[in-house]
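First the structure, in the form of structure tokens, and then the observations on it.
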Amino acid sequence: MYTRSAIKLCRFGSVGLSLVLLALPAWAGNYMPSATTSFYQESKHGWFWYEDPASVVEEEREMPVTEPKAAPLSREVSLAHYSTETLWNMHPDDFQQLLNGLQKKAVQFPTEQNILEYLSIQDIARRKALAYANATQYVTQKRADLFNINQVYPTSSPGAVARVQMQQEEIAGTIREAGKDHALLFFAAAGCGFCEKQAQILAYFVDKYGWQVKPVDIEREPNLALRFNITTTPTLLLIRQDREASMRIATGVATLPEIERNLYQAIRSMRGDTSMESFTTYDFQKGSALDPTSILKIQTPWQANGPVNQSPTRPSP
């Protein structure tokens with residue numbers, strides 16, 4: 001653009017060029033703002049011309065006060081100032097810290113003295129653990145009525161056989177008694193192979209207990225399935241006569257023992273004979289250590305024999 005303008009000016013001749021040059025200073029002086037001059041003088045500054053920008057003075061801010069850090073623990077651990085009785089009665093947290101320190105010291109500097117000290121405190125720890133185990137066995141045996149479940153859940157073979165027999169008798173008795181006012185809904189679907197297997201198992205159940213089991217095809221009776229929110233087959237649902245309450249027994253193929261156990265628990269729950277906290281507790285286990293809420297009905301065992309001895313020292317043998 002600048003080259004073309006110069007060529008056009010030359011065509012006017014020398015007179016036209018002289019007039020233009022004479023008029024240019026007057027026009028620039030009258031109409032050129034002073035700010036424009038400073039703009040052109042200062043425009044070639046900054047990052048484009050590889051110059052650092054002017055420094056900005058930041059306001060001084062108060063630095064947050066930080067608490068002084070705790071001094072690191074000394075690693076010069078030793079048993080030189082500890083007696084056996086002091087170590088025996090030491091708080092477990094302090095004892096553990098001392099034991100760990102002696103172990104690390106023995107590993108770092110495996111001298112005879114360092115290893116001797118570590119093995120000595122380790123022997124005290126072993127004996128202390130044995131003392132606790134023996135004392136626990138003593139209290140458990142002395143208060144077997146509170147802390148031993150062997151009387152309701154024996155581990156010996158004869159006791160286990162008796163326990164299983166008691167459970168089966170209680171389950172069977174509860175189911176037979178509930179058959180007069182309870183029934184099962186058997187939700188199935190056409191072409192469901194699992195439903196056919198479940199139907200065969202239910203046939204044994206009906207022969208054993210004489211219960212009423214009503215098959216429900218979810219495709220032919222969708223309203224009934226929708227009422228109980230049944231979407232999977234096979235599904236067994238327990239209902240009670242003249243009650244709105246219901247409870248699922250099984251979803252998918254369930255064996256006869258599973259049906260019996262789940263049905264027993266559901267019957268007792270719907271009757272109000274049990275709660276969620278004691279849902280799997282049998283009647284013969286009520287009031288025992290296997291009855292979770294029974295502890296709320298007994299006296300606090302740690303206050304049964306008078307106030308607790310607060311002495312920190314070891315009781316004499």
Side-chain angles (χ1 to χ4, degrees), residues 70-167 276-317:
L73 297 176
S74 175
R75 296 182 179 179
E76 297 299 326
V77 291
S78 174
L79 293 183
H81 304 291
Y82 295 96
S83 65
T84 302
E85 187 168 358
T86 300
L87 294 173
W88 184 269
N89 295 318
M90 183 178 291
H91 191 277
D93 292 342
D94 299 333
F95 186 92
Q96 185 67 50
Q97 184 178 8
L98 180 60
L99 187 147
N100 292 339
L102 291 173
Q103 181 188 38
K104 296 175 181 179
K105 180 181 178 182
V107 171
Q108 184 179 10
F109 304 108
T111 64
E112 180 178 356
Q113 179 64 26
N114 292 343
I115 295 177
L116 177 62
E117 290 189 2
Y118 171 64
L119 293 179
S120 298
I121 193 174
Q122 192 178 53
D123 182 57
I124 295 175
R126 180 188 62 80
R127 293 171 184 267
K128 189 72 174 182
L130 180 60
Y132 170 78
N134 290 333
T136 301
Q137 180 64 29
Y138 168 80
V139 176
T140 302
Q141 183 172 334
K142 183 178 181 180
R143 300 305 304 271
D145 56 324
L146 294 176
F147 307 115
N148 195 335
I149 63 174
N150 191 57
Q151 70 274 21
V152 290
Y153 202 93
T155 56
S156 62
S157 297
V161 172
R163 172 178 55 83
V164 173
Q165 183 178 357
M166 294 174 64
Q167 292 175 352
M276 289 189 297
E277 292 86 352
S278 57
F279 186 68
T280 62
T281 305
Y282 292 89
D283 284 339
F284 71 89
Q285 295 173 342
K286 285 185 176 180
S288 69
L290 291 180
D291 186 359
T293 57
S294 64
I295 194 173
L296 301 175
K297 302 177 183 178
I298 62 178
Q299 184 182 10
T300 50
W302 55 89
Q303 296 178 350
N305 298 322
V308 180
N309 183 13
Q310 300 292 340
S311 175
T313 59
R314 271 190 303 143
S316 57

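Residues take their numbers from the sequence shown, with the count starting at 1. Quantities reported herein were computed from a predicted structural model and do not represent experimental measurements.
- At least one side-chain heavy atom of F95 sits less than 4.5 Å from a side-chain heavy atom of I124.
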Going through the checks in order, is the side-chain hydrogen bond (donor to acceptor under 3.5 Å, both in side chains) test met by D93 and Q97? CA-CA 6 Å; D93 292 342; Q97 184 178 8; over 6 Å; no

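- Taking the side chain as every heavy atom from C-beta outward, Q167 and Q285 approach each other to under 4.5 Å.
- In this structure, Y153 places its OH atom where only 12 or fewer heavy-atom neighbours from other residues, nucleotides or ligands lie under 6.0 Å away.
- Between Y82 and T86, the closest heavy-atom pair is CD2-CG2, 4.2 Å.
- Put simply, CE on M166 and CG on D283 are 10.0 Å apart, with the number rounded to the nearest 0.5 Å.
- Between G287 and D291, the closest heavy-atom pair is N-OD2, 3.0 Å.
- Atom CG of L116 sits about 12.0 Å away from atom CD1 of I121, to the nearest 0.5 Å.
- Heavy atoms only, all atoms of each residue included: E117 and S78 are closest at OE2-OG, 3.3 Å.
- No side-chain heavy atom of L102 sits under 4.5 Å from any side-chain heavy atom of S120.
- When side chains are defined from C-beta on, Y118 does not count as touching N114, because their heavy atoms never get closer than 4.5 Å.
- Scanning both residues, K286 and T281, for their nearest heavy atoms gives N-CG2, 4.4 Å.
- Taken from OH in Y138 to CZ in R143, the straight-line distance is 11.0 Å, to the nearest 0.5 Å.
- Of all heavy-atom pairs between S294 and S288, the closest is OG-O, 3.1 Å.
- Within 6.0 Å of CG in L119 there are more than 12 heavy atoms belonging to other residues, nucleotides or ligands.
- P292 approaches E277 most closely through the heavy-atom pair CG-O, 3.3 Å.
- Summarising the geometry, atom OH belonging to Y282 is positioned 9.0 Å from atom CZ belonging to R163; distances are rounded to the nearest 0.5 Å.
- From T293, atom OG1 reaches atom CE of M276 across 12.0 Å, with rounding to the nearest 0.5 Å.
- L87 is listed as a side-chain neighbour of L98, based on a closest heavy-atom distance under 4.5 Å.
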